[in-house]
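Side-chain atoms are counted along with the backbone in the values below, which use heavy atoms only and exclude waters and symmetry mates.
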There are 2 protein chains.
Amino acid sequence: MLRPTSFDVAERAGVSQSTVSRALRGSPGVNAETRARVATAARELGYVVDRHASSLRLKSSETIALVTICRPGEDRSAINPFYFALLGSIAAATSARRFNLLVSFQESSANFRADFVASGLADAMIVIGTTSNRAAWDYFAQAQASGLDFVCWGSPGSPFHWMRSENDIGGQLAADHFIASGRRHIAFIGPQQSPQRQFDERRDGFLATLAAHGMTAAVAEPPAAADRHAQGVAAVQALLAAHPETDAIFAASDMLALGVLQGLKDAGRRIPEDVALIGFDGIRAGTLADPALTTLEPDIDAAGEALVAMALEDDERTRSGTRIPVHLVVRGTA
Amino acid sequence: MLRPTSFDVAERAGVSQSTVSRALRGSPGVNAETRARVATAARELGYVVDRHASSLRLKSSETIALVTICRPGEDRSAINPFYFALLGSIAAATSARRFNLLVSFQESSANFRADFVASGLADAMIVIGTTSNRAAWDYFAQAQASGLDFVCWGSPGSPFHWMRSENDIGGQLAADHFIASGRRHIAFIGPQQSPQRQFDERRDGFLATLAAHGMTAAVAEPPAAADRHAQGVAAVQALLAAHPETDAIFAASDMLALGVLQGLKDAGRRIPEDVALIGFDGIRAGTLADPALTTLEPDIDAAGEALVAMALEDDERTRSGTRIPVHLVVRGTA
DNA sequence: CTGAAAGCGCTTACAG
DNA sequence: CTGAAAGCGCTTACAG
C-alpha cells in the first residue's frame, strides 16, 4: 500500500475512520485506550495525515507565503544577505508555530505572483526584498487594491502593513558615537529619492542629532551602479573629492558601507584613524571586513517573529507601524 | 462572497462546473467561445483554483520541499551563504517549472521533519546544509531507510542520492594555479574526518596534481571552533607555526578561506605577495574581502536546476553521482 | 462539445 | 465515547 489513509488505520485499529481522525487530532472525548490503539496502528502503517484533504476541510493550510523581491536579472547569490537573514528568522518563527513556509523570489512580470492566499496555499503572505524594483511593488500595490492583504518589511511607498527598524534611533546612535569620538567632518551616504523610507529615517535621525549639537553633515547620494556595494565605492570617491576633510561617514546600509570601506581604502585613507565608518543592517559580511564593520544591527529574530505574528494577526499588535529595535555594534571601523 | 468556487464561475458563465474546470485547465475539446466566457467570468469574480482541492484530486501538489540543515543553536544569519545561494537557485529552478517551494530549516530533534512528501505537501524533497550536524543526517538516513526518498547536496555519508561539485577538478585547478605562479611551499587546510566527502575530494585532486609535479603539501586539520571562519583563523596560526615557509594555501571552503585570510593578516603576512590563497564555493563575501578572494566557483544555477530535475526525476539523469562544473575565479588573493 | 456524478482523504455535526 | 454521513472544491471517466 503506497499511501495508507485513515481508513486503513481504522481497519487495523478496529475502529471507525472518524475515530481515527479524532484520536490523531487529539480531540477530547476519545477513550485513552482507543487513542493508543489508533496511534499504534498509525505508526505501524507509517500513516501521515494528508494535508490537502485536511486543509480543504479546515479551510486553513497553516502555511505562510514569503515573497522576496529581487532586482531584475539579479543573480540569486547577489541578493542582499540581510533578506536571507530575514528569511531565516521568518522560517524560525513559522516553524515555532508548526506552520509551513512557502518561498518565492520574484523579479519581473514573468514570475510576479500574489495568489498564495487566494488559492488556499497559504493563510497569510509576507513580502520582503529590494525596494528598487518598482514594477514589483506596483504589482503588489495593485494586488492589495484588489483586496489582497499582506505584511511587508520596509516601506515601498504604498499604504501597506509594514514593519521597520527603529531607524531614527539608529541614526541617533550613529551620530552620538561620532560626536563622542571627536569626529567633526561628518557625512551621510544614502539614497535620497528611494521609495525606501527607511533610508530617510536613518538620515533624519542622524542629522537631527547632529543639529542638536550644532553640527551639520554632508549628504551624498550614491550614483547609479550595479548594486549597493558598487554605489558605495563610487559615492565615497565623489564625497572625498567634494569634502576631503571628511572624518566620519554613516552609510544607509551595510552593503553600501562595505563599498564605502573599499572606496576609502582605494583613496588611501586609514580606517578608522582617518575616517570612521558606520553601516546599518548587521549582515555577516560586515564581520568579515577588514577592519570589521561597526553597524546598527536590528534584532532580526524579533523582526521575523513580529512579521509572522502580524501576518497571522494572532496577537493584538496593530497591523502597521511596528518598529524593531536596533543597537550599535562597535567593531573596527568606528 | 469571500472565496468564489468553480460553481460560482459556472453560474456566471452559464455553463456547468465541469466545463469551468476544463476550460480553466486548458483541456482540449472546449469550445473557444465557451472557454472565453468562462475566462471572463473567472476574472470578474477574481476566481483562483483552490490548490488543496486540486492537489487532493490530482494527487500531486507541484511543490518541492527544501530542507536546510543548520548547526544546532546557530543564528540564522550565520548560515553559510553558500546554502542561501543554493536555496535561491533551487527557487529559480522550481519557479521555472511553475512549482512551489516549501522551505524548512532544521537543526535538532525539536524540529526534525521529513514528512513533506508523505503528507502530500510536496512531490519531492531536497536536503542541503551543513554536514556537521550528525543527528540531522542520521534522522534523514533513518527516514530514507523507511522508504522515504530525497536528493541531497554534498555527501553526508549515507547512500543518499547526491549531487556534488567537480571537487577533484577544483583541487586540480588550484594546484595548477599555484604551480604556474611559482609557489613552492604549499598547504591544504580542511576538515579531514568530515562526513562531507567533498572536502576529501578537493584535497585529493589538489594533492594528486601536486604529486604529478613531484610536489607535496602540508595538510592541516582546522581545530574545533564556533564556525568555519573561526576554524580558518585558528588553523592558519597552527600551520604557520609548523610551516613558517608556507607560500600558498588552498582552503576547502570560502568561509574557511576567509578565516585563513584574517589569520594571515594577523600574522603580518602580505597576501598574495607572501602567501597566496584559494578558497572554494564562490560566495559573495569573497568578493568583498580585501584582497578579494580567489576561489573555485561551482555553477550554482546548474546545481539548483539539476537538484530539482533529479528530485522530480523528470529527465533521464541518473539519480546519483551528478557533478556540477566548477571554474577558477582569479581575484586578489592568488 | 457539455453535463451529471463519483471520488480524492480528510473533519466534524449529528445520532446513538 | 463511537459510528455513519455530509461536505470541503476540485478533476475526469462516463454518457449523451
**Paired and unpaired positions of DNA chain C as dot-bracket, Watson-Crick or G-U wobble under 3.5 Å, | denoting a partner strand** = |||.||||||||.|||
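Using a 4.5 Å heavy-atom cutoff, the side chains of B:F82 and B:L86 are in contact. Using a 4.5 Å heavy-atom cutoff, the side chains of A:Q198 and A:T131 are not in contact. Within the 4.5 Å cutoff, no side-chain heavy atoms of B:T130 are placed close to those of B:N80.
The listed nucleotides are C:dT2, C:dG9, D:dT11; the one nearest the side chain of A:L56 is C:dG9. Nearest nucleotide to the side chain of A:L58, out of C:dT12, D:dT11, C:dC10: C:dT12. Taking every side-chain heavy atom of B:K59 into account, C:dG9 is the closest of D:dT11, D:dG9, C:dG9.
In this model, the phosphate group of C:dG9 is not approached by any side-chain N or O of A:S6 to a distance below 4.0 Å at OP1 or OP2. A sub-4.0 Å separation between OP1 or OP2 of D:dG9 and a side-chain N or O of B:R51 is absent. At D:dC10, none of the side-chain N or O atoms of B:S21 fall inside 4.0 Å of OP1 or OP2 (strictly under the cut-off). The shortest distance between the side-chain N/O atoms of B:S27 and the OP1/OP2 oxygens of D:dT11 is not below 4.0 Å.
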**Message:** Checking A:V30 against A:V38 for the side-chain contact (heavy atoms from CB on, under 4.5 Å) test, could you report, in this order, the C-alpha distance in whole Å, the side-chain angles of both residues, the deciding distance, and whether it holds?
**Reply:** CA-CA 11 Å; A:V30 176; A:V38 169; over 6 Å; no
**Request:** Check the pair B:F99 / B:D123 against side-chain contact (heavy atoms from CB on, under 4.5 Å), numbers first and verdict last.
**Result:** CA-CA 10 Å; B:F99 268 52; B:D123 297 331; 3.7 Å; yes
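Of the candidates A:T63, A:L66, A:I64, A:L102, A:L102 is the only one forming a side-chain contact (heavy atoms from CB on, under 4.5 Å) with A:F116.
Across all strands shown, B:T34 has heavy atoms under 4.0 Å from sugar-phosphate atoms exclusively, and none from any base.
Taking the C1' atom of each, C:dG16 and C:dT12 are spaced 16 Å apart, rounded to whole Å.
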Distances under 3.5 Å between nitrogen or oxygen atoms of protein and nucleotides 4-6 of chain D:
{"residue": "D:dA4", "atom": "N7", "partner": "A:S18", "partner atom": "OG", "Å": "3.3"}
{"residue": "D:dA4", "atom": "N6", "partner": "A:S18", "partner atom": "OG", "Å": "3.1"}

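For A:N111, the side-chain contact (heavy atoms from CB on, under 4.5 Å) criterion is met by A:Q106, A:E107, A:S108, B:S95, not counting sequence neighbours.
We find that CG of B:L121 is positioned 14 Å from C1' of C:dC10, with the value rounded to whole Å. In this structure, A:D50 places its CG atom 18 Å from P of C:dG7, rounding to the nearest Å. For A:E33 and D:dC1, the CD to P distance is 12 Å, given to the nearest whole Å. Across the protein-nucleic acid pair, B:E11 atom CD and D:dG9 atom P stand 15 Å apart, rounded to whole Å.
Heavy-atom distances to DNA chain D give each of B:H52 and B:R25 a nearest nucleotide, and the one nearer the 5′ end belongs to B:H52.
Side-chain polar atoms of A:N31 and A:R37 form no donor-acceptor pair below 3.5 angstrom.
Remark: the backbone N or O of B:D8 is not paired with any side-chain donor or acceptor of B:R12 at under 3.5 angstrom.
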